[in-house]
Protein chains: 2
Amino acid sequence: MDHVIRSNQPGHTTIGLTAVVVAVTEEDPRVLVARRMTHDLATPAQAGTGDRAFDSPETLPFGPFEPTHHRTLELGLRQWVEDQSGLDLRYVEQLYTFGSQYRDPRELAGGPRVVSVAYLALTQESPLAGSGEAQWRPWYSYLPWEDWRSGRPPVIDTVIRPALTHWIDEAPNLRTRHERKERVAICFGSEAGFDMVRSLDRYELLYSAGLALEAIRDAHIMAQAHGLPPEPPPPETLAAARALGDPMALDNRRILASALGRLRGKLDYRPVVFDLLPPEFTLFRLQRVVEALSGIDVHKQNFRRTVMAAELVEPTGHIEASGRGRPAETYRFRRDVMQEKHDVGISLSAPRLGG
Amino acid sequence: MDHVIRSNQPGHTTIGLTAVVVAVTEEDPRVLVARRMTHDLATPAQAGTGDRAFDSPETLPFGPFEPTHHRTLELGLRQWVEDQSGLDLRYVEQLYTFGSQYRDPRELAGGPRVVSVAYLALTQESPLAGSGEAQWRPWYSYLPWEDWRSGRPPVIDTVIRPALTHWIDEAPNLRTRHERKERVAICFGSEAGFDMVRSLDRYELLYSAGLALEAIRDAHIMAQAHGLPPEPPPPETLAAARALGDPMALDNRRILASALGRLRGKLDYRPVVFDLLPPEFTLFRLQRVVEALSGIDVHKQNFRRTVMAAELVEPTGHIEASGRGRPAETYRFRRDVMQEKHDVGISLSAPRLGG
DNA sequence: CACAATATGCTCAGATTGAGCATAACGCCT
DNA sequence: AGGCGTTATGCTCAATCTGAGCATATTGTG
């Protein structure tokens, strides 16, 4: 497979495919990651820092795009993910194409520009085949500020807000200061205005403010490349960054954040949840999955009403005795609604407190 | 610049950037096209057919991605579009990455796979600098069934529906027949269910049914490549395809359709219209632009109410005497709303009759 | 000066949405 | 058996939003 990544002249490009494979178990959204970099695309290990950002960051599944084997980009992605993981990808959607300079730091050493087409894929969680390199990881462990299911995450007020306020204050001039203030207001503004879909904006803000370990890592790499002494970040910033979730290799956490936002947006107007569920499910199970993805709790009775009114599901006639409490009826997704209706989806509003 | 497109071994890839540059003059949405293919990427001219699909199809602006000059994909696109056209791109957004086999037919002759990252860019229409190859073209001339501003376009009932009904009837088996029926229902179903955002689905359906001249062209090319005698389409199909708007080179009409859908979707929740307007405008002018993009007429008084309630604009105090009728007050966009509000946009519903 | 054309303001009924109350059906405990 | 906690499910109600129309204001034109 390495014949695709063979060019080493500067000015050359390489195309890869990155997958954000999502599943939901019970109430936990998970993403498929690999412990080691596929094709050894990891940042050069930097011994002694003791930081996962440097030592062994997790990566999203990545593979080369091979035009001789792959009729389309999407088929290429499907093929190698399904081959390597044994998963059955139920829904695949192109997310975004990333091609910034030095997104693979080996470009600094004359390596090619690695352009990566990122895909979002939905599946049911199942045991993983293959070499055991891949594993499911809860995706809010990478983006902890995105999980509002038990109310506003404390980390926003204890870590993010103070650090961002400090970042605003140290702006070099008034103009930058105003810009920073505006970005912070948009991304982490009032309780009411927290827009669950803008997860990418929030990650990028944290990265800009040096509050993602990846930002610190990249600054380090760039300094080294220019022969400058690496300037260590202020200890508070480093501590804050450490408290803000696990880092990933390269720009993979950015890709994850964009997948989260896209998926949340899709929930509103396309029935994507059903690709994460077994054929039969209770309405509450459905609700839990929606909450897991959207990151917020919804009003149970109204959720029911919306789903029923949309005629997205039909009762199977079966009853699921789950343990304590009244047993629930099970439902199945009506694949044919796509034909009749158009705006089929489950709309949500801003986060609410409690449940 | 050609050093990027130099590889001719099969199995190689090339990355390009394609731009859908949009402007609105008065009430006509327009798109920037080039008469000839940039870098001679046109389909091989096929003399004697007398069809624009074969002879000189228009193309979207296309340029190579040059990693040595371009820090990011978006900057690369901005740079060469602005350099070549002299336009000031006000808003740029990545659309989709296209990488299907034979999307550049020269791949059949051992050429590289051309992967193209498509961008949507908004600007104000202005005279074009440069060689005069580029020009503004009304974009509904490529997708005439998308313009519902004077009610349901007649072409849907006179051309599309009959042709699609015929396509359903000639399905090789019941399963295909059902699938085709479903797709037709989703894309060109009832009046009420016409979802303006799904323009890509509709183009792809027409392409599948052979009702886009590009589909006929591609079938022709593929037949030739396999040494088969080109099978001419039934005359009714060809006539229908000719009646369904102008074709474009390669898959460029598909890219245009996806841009239209994306832009329509964005209208709802981001204030993108203002990037197509001068700094001061009347509310009716704003309405005309929204209608031009969304393809449907809106209720004047309610549109006003929505815009005012969202506090998207503020009065300038000026009055525009446009000719007959009461002169209108002019407004300007409040850039700062982005900071306060989140769901800023102009939401629309399904198409309605009259105006 | 009537009238056509456009801008702008207001009303109102029907649909949608957010939130809570009430009842039903189970397991578990005493 | 009966009370209790727990979950499922059904219903109500007020606040808001939305679609559609009526009314009035301000201009140019015949």
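A, B, ... follow the sequence lines: proteins, then strands. Residue 1 opens every chain.
- Mapping A:Leu283 and B:Gly325 onto DNA chain D via the closest heavy atom, the residue that lands nearer the 5' end is A:Leu283.
- Among the heavy atoms of the strands lying under 4.0 Å from B:Glu329 are primed sugar atoms or P, OP1, OP2 only; no base atom is included.
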* To do: Could you go through the side chain to side chain donor-acceptor pair (under 3.5 Å) check for A:Thr282 and A:Thr330 one step at a time?
  => CA-CA 4 Å; A:Thr282 67; A:Thr330 68; over 6 Å; no
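- Checking B:Pro327 against A:Pro327, the closest nucleotide of DNA chain C that is more toward the 5' end is the one next to B:Pro327.
- To the nearest angstrom, P of D:dA8 lies 13 Å from CZ of A:Arg285.
- Across the protein-nucleic acid pair, B:Arg326 atom CZ and C:dT6 atom P stand 14 Å apart, rounded to whole Å.
- Rounded to whole Å, the distance from NE2 on A:His299 to P on D:dA8 is 14 Å.
- Salt-bridge check for A:Arg149 with A:Glu291: failed, with every basic side-chain N at 4.0 Å or more from each acidic carboxylate O.
- For B:Arg305 and D:dG19, a side-chain-to-base donor-acceptor distance below 3.5 Å is present, hydrogens and geometry of angles not being considered.
- In this entry the distance linking NZ of A:Lys300 with C1' of C:dG18 reads 17 Å, nearest Å.
- Ring-plane geometry between B:Phe333 and B:Phe274 is classed as parallel, the angle between the planes falling under 30 degrees on a 0 to 90 degree scale with a further cut at 60.
- With D:dT7, C:dA7, D:dG21 as the candidates, the nucleotide lying closest to the side chain of B:Gln301 is D:dG21.
- Classification of A:Asp201 and A:Arg183 as a salt-bridged pair fails, no side-chain N sitting under 4.0 Å from a carboxylate O.
- Considering only side-chain atoms of B:Arg324, the nucleotide from D:dA8, C:dG9, C:dA5 that sits closest is C:dA5.
- Whole-Å rounding puts the A:Phe284 CZ to D:dT6 C1' distance at 11 Å.
- In this structure, the nucleotide among D:dT7, C:dA19, C:dA7 sitting nearest to the side chain of A:Asn302 is C:dA19.
- Atom pair A:Phe281:CZ and D:dA8:P shows a separation of 14 Å (rounding to whole Å applied).
- Straight-line distance from the CZ atom of A:Arg304 to the C1' atom of C:dA24: 12 Å, rounded to whole Å.
- In this pair, B:Tyr203 and B:Trp145 present their aromatic rings parallel. The plane angle is below 30°, not in the 30 to 60° band.
- Taking atom CD on A:Glu320 and atom C1' on D:dA8, their separation rounds to 12 Å, with Å as the unit.
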